[in-house]
Amino acid sequence: MEVVAPTPEPDVEQVGLAPAASLFHGFSDPSRLAILRHLLLGEHRVVDLTGHLGLAQSTVSKHLACLRGCGLVKSRPDGRASVFSLTYPDQVRGLLSAAETLLGATGDAVALCPNYGVGEAIR
């Protein structure tokens, strides 16, 4: 007779935080943040974003797909291209503003985070 270990039940608190973690994943990459900042200025095509950011078309498209999956970005057809915009520009602006405030309060602590920081103090 084979003994099967019980499947651990998910932590209720973690399950409740999963949507927030997914949302913050959308903000976790510098390129995605740059795309969001450009989209705060208005609609952009992929070619516009590649020109502004100096990133490859495939990279910008990949990041836009991530942001669309998080519900942060939407697109509309414009001829053969797609034009991208923020789904909730006021909320994105508010979150980025809150992040700047928190970064100002924490200073080097965030930059020195052993898991996600830049590895040395910002001078």
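All values reported here derive from a predicted model rather than from experimental measurement. Start at 1 with the first residue, then count along the sequence.
- Residues that satisfy the ring-ring contact (aromatic ring centres under 6.0 Å, His included) test with His44, not counting sequence neighbours, are His38, His52.
- With rounding to the nearest 0.5 angstrom, the CG atom of Leu49 is 12.0 Å from the OG1 atom of Thr59.
- A heavy-atom distance below 4.5 Å is found between the side chains of Phe27 and Leu33.
- Grouping the Ile, Leu, Val, Met, Phe, Trp and Tyr side chains by contacts below 4.5 angstrom, directly or via other members, places Tyr88 apart from Phe24.
- Val83 and Leu39 are not part of a single hydrophobic cluster, where members link through side-chain heavy atoms under 4.5 Å apart.
- The number of heavy-atom neighbours closer than 6.0 Å to CZ of Arg37, taken from other residues, nucleotides and ligands shown, is 12 or below.
- Each of Val73, Ile35, Leu36, Leu53 was compared with His63 under the side-chain contact (heavy atoms from CB on, under 4.5 Å) criterion, and only Ile35 meets it.
- One finds the CD atom of Gln57 at 9.5 Å from the CG atom of Leu64 (value rounded to the nearest 0.5 Å).
- With sequence neighbours excluded, the residues forming a side-chain hydrogen bond (donor to acceptor under 3.5 Å, both in side chains) with Arg76 are Glu43, listed by chain and number.
- Taking 4.5 Å as the limit, some side-chain heavy atom of His25 sits within range of a side-chain heavy atom of Ser28.
- The two atoms that bring Phe84 and Val46 nearest to each other are CE1-CG2, 3.6 Å, heavy atoms only.
- The backbone N or O of Ala18 sits less than 3.5 Å from a side-chain atom of Ser22, completing a donor-acceptor pair.
- Contact annotation: the side chain of Leu67 never approaches that of Leu86 to less than 4.5 Å [non-hydrogen atoms, C-beta and beyond].
- The shortest heavy-atom contact between Cys70 and Gly26 is SG-CA, 3.9 Å.
- With hydrophobic clusters built from ILVMFWY side chains whose heavy atoms lie under 4.5 angstrom apart, Leu40 shares a cluster with Leu23.
- Residues Thr87 and Lys74 share a closest heavy-atom pair of OG1-N, 3.5 Å.
- For Ser75, the side-chain hydrogen bond (donor to acceptor under 3.5 Å, both in side chains) criterion is met by Arg68, not counting sequence neighbours.
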